Colleague: 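I'd like to ask you about the structure that follows.
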Amino acid sequence: MTSQSLKRVVFAFAVAVVLPGCATNASHPKDPFEGFNRAMFAVHEGVDTVLKPVAEGYDKVTPDPVKTGIGNFFGNLADVWIAVNNLLQGKLTDGVSDVGRFLVNSTVGILGLVDVASEIGLDKHDEDFGQTLGYWGVGDGPYLFWPVIGPRNVRDTVGFVVDASADPVGHLEDVSARNTLIGVRLIDFRASLLPADKVVEEAAFDKYNYLRNAYFQNRRSVIHDGNPPPLED
Amino acid sequence: MIKKWLLALWLGLVVSGAFAQDDSPDALIRQVTEEVLSIVRQDKDIQNGNTRKAIELVEAKVLPHFNFQRMTALAMGRDWNKANPEQKTRLSEEFKTLLVRTYSNALTGYRDQKIRYKPTRMQGDTTDVVVKTEIHQSGGKPIQLDYSLEKQAEGWKVYDVIVAGVSLVTNYRDTFNQEVRANGVDGLIQMLVDKNRRLEAGKK
């Protein structure tokens, strides 16, 4: 970390400490802790002044096939937990398909580096424990913004903790291998968001507000597997 | 002989092309998407993030199929009725400029993803329909990209674009409502004008 970027992080923390005092009162019924959340968002953006350049560097120097392989590798590990969540939601066909994906990609796909399963029609799914809770009607609770992790309501925060405890990478015995994998995965994830950065930066009047609305809409959609019931108006 | 055969083939293509003209909403989305993406695939400037060029492409190929008045009304919700006709026109113009830029920026992120068009359910002679597509990229989960369309006298017009469940239009609802509550419809117009001016100035 350069002293320049360190200064930025320190600045972000300073802003985070000062901001809650002057933050406006809650403007959204689902966001009663808006002042606190905006402070955490500022910390998040501060961390990103370091993380984003690293992700951009990674994106630039890594050849596309390698990047795809890295993304596939972590995606393959994640498919096991996605399968479990599909089964917990009673979506048998999807769950079995996810198990099939893992078996095919771990073998024919060389330890998950190649996503053969998608080519043969086994689509990747988007599931996590927060969705499973939502599927069974658990209430969502207030909106929270966590640095690095991003927006989560209380339900999805619980979901995230369960997701993390089920993460195979976190259970690796070898500490340095574990930390390397977690680091690479974070950078790879951040790099995958780079194309969306400019869109959000330019589209949003208030980035915090824009991301909050996008989070609400996106979660509502994924819990209903892309077919949420229509809203009035 | 070969010349005749070629002529027949050419005629066949032209005629079948004419008959293939399909005015269903999913055919429209497919045709516009394929046309735009085939241009992006060959345009290194757009791929390298040239927003100006992407905007020109969107203005030429996509704009005619969008209904920005309806989009603006959807973004504002009940506040839309507080605007007089002149204000409505200005709001739609400014919101259009902003949305076109957003959409164009998203285009510059296009690489080699494949689009899958999902079957559209049309009930009877409905005039309102959602066309669902999926963006497939190797390794990642497919991203849903849906279009809401409404049938008008001049054909089907898009009035909402929904990416991964997030409507690019209604995502503005509470920001717009807040501004109208604080500074009225004219305040919202000014907010949009300022935003567009800032974005224009920041560009090469």
Side-chain angles (χ1 to χ4, degrees), chain A residues 24 27-29 64-65 67-76 78-79 82 105 112-115 118-119 123-127 188 192 194-206 209-228 230-233, chain B residues 49 51 73-74 76-78 80 98-99 101-114 116 118 128 130 132 134 136-146 148 162-168 170-179 181 188 191-192 194-196 198-199 202-203:
Chain A
T24 49
S27 61
H28 194 288
D64 280 348
K67 255 186 291 184
T68 307
I70 290 172
N72 285 345
F73 175 79
F74 290 114
N76 185 49
D79 276 340
I82 291 171
N105 284 342
L113 293 174
V114 187
D115 185 4
S118 286
E119 304 292 329
D123 281 345
K124 189 166 177 65
H125 297 119
D126 178 0
E127 297 293 345
D188 175 68
S192 74
L194 289 172
D197 280 356
K198 197 177 173 194
V199 176
V200 174
E201 291 293 343
E202 297 210 345
F205 288 88
D206 170 7
N209 185 307
Y210 196 86
L211 291 177
R212 182 176 66 191
N213 285 325
Y215 168 79
F216 287 142
Q217 290 199 54
N218 170 263
R219 289 306 283 180
R220 192 166 171 279
S221 169
V222 292
I223 286 171
H224 295 96
D225 288 330
N227 298 298
L231 289 169
E232 64 268 41
D233 226 6
Chain B
T51 308
L74 188 61
M76 290 175 67
R78 290 194 192 94
W80 177 246
L98 181 61
L99 280 183
R101 174 179 287 274
T102 308
Y103 199 82
S104 306
N105 274 330
L107 261 191
T108 62
Y110 179 79
R111 289 299 172 265
D112 57 348
Q113 296 91 335
K114 290 181 187 67
R116 190 188 291 171
K118 308 223 270 185
D128 200 313
V130 178
K132 290 179 178 279
E134 266 178 7
H136 286 256
Q137 42 191 354
S138 54
K141 56 194 179 226
I143 300 166
Q144 280 200 42
L145 179 54
D146 300 342
S148 297
I162 303 133
V163 188
V166 181
S167 157
L168 295 184
T170 60
N171 214 42
Y172 286 108
R173 176 85 52 95
D174 54 296
T175 302
F176 285 8
N177 289 164
Q178 266 173 41
E179 184 62 22
R181 214 177 305 133
L188 178 58
M191 186 171 91
L192 285 161
D194 290 345
K195 172 89 177 166
N196 285 328
R198 256 197 325 275
L199 290 174
K203 193 192 60 211

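Because the structure is a prediction, the values reported are computed rather than measured. Every chain is numbered from 1 and lettered A, B, ... according to where its sequence line falls, protein lines coming before strand lines.
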Colleague: Got a second to check how far B/N171's CG is from A/L211's CG, nearest 0.5 Å?
Modeller: 8.5 Å
Colleague: Taking side chain as everything from C-beta outward and backbone as N, CA, C, O, which of these in A/R219 sits under 4.5 Å from a heavy atom of chain B? Side chain, backbone, both or neither.
Modeller: neither
Colleague: Looking only at heavy atoms, what is the nearest atom pair of A/E202 and B/K195, with distance?
Modeller: O-CE, 2.9 Å
Colleague: What heavy-atom pair brings A/K124 and B/P142 nearest, and what distance separates the two atoms?
Modeller: O-CD, 3.5 Å
Colleague: Looking at CG of A/D126 and CD1 of B/I143, how far apart are the two atoms once the value is rounded to the nearest 0.5 Å?
Modeller: 10.5 Å
Colleague: Between B/T108 and A/K198, does any side-chain donor sit less than 3.5 Å from a side-chain acceptor?
Modeller: no
Colleague: Are the side chain of A/N218 and the backbone N or O of B/V166 linked by a donor-acceptor pair below 3.5 Å?
Modeller: no
Colleague: Where do A/G226 and B/Q144 come nearest, in terms of heavy atoms and distance?
Modeller: CA-NE2, 3.1 Å
Colleague: Under 4.5 Å from any heavy atom of chain A, what part of B/S104 do you find: side chain, backbone, both or neither?
Modeller: neither
Colleague: Where do A/P195 and B/G109 come nearest, in terms of heavy atoms and distance?
Modeller: CB-CA, 4.5 Å
Colleague: Report yes if some heavy atom in the side chain of B/H136 is under 4.5 Å from a heavy atom in the side chain of A/D123; otherwise report no.
Modeller: yes
Colleague: Examine whether an atom of A/D225 lies under 4.5 Å from a heavy atom of chain B, and if so say whether it belongs to the side chain, the backbone or both; otherwise answer neither.
Modeller: backbone
Colleague: Given that the side chain runs from C-beta out, which part of B/R181 has a heavy atom under 4.5 Å from chain A: side chain, backbone, both or neither?
Modeller: neither
Colleague: Need one label for B/Q178: side chain, backbone, both or neither, based on atoms under 4.5 Å from any heavy atom in chain A.
Modeller: side chain
Colleague: Would you mind checking which part of B/Y110 comes under 4.5 Å of any heavy atom in chain A, side chain (CB onward), backbone (N, CA, C, O), both or neither?
Modeller: neither
Colleague: Looking only at heavy atoms, which two atoms of B/L98 and A/A203 are closest? And how far apart?
Modeller: CD2-O, 4.2 Å
Colleague: Is it the backbone or the side chain of A/A196 that comes under 4.5 Å from a heavy atom of chain B, or both, or neither?
Modeller: neither
Colleague: Nearest 0.5 angstrom please: A/Q217 CD to B/T170 OG1, how far?
Modeller: 4.0 Å
Colleague: Would you give the length of the straight line joining atom CG of A/D206 to atom OG1 of B/T175, rounded to the nearest 0.5 angstrom?
Modeller: 6.5 Å
Colleague: Are A/F205 and B/L192 close enough that some pair of their side-chain heavy atoms sits under 4.5 Å apart?
Modeller: yes
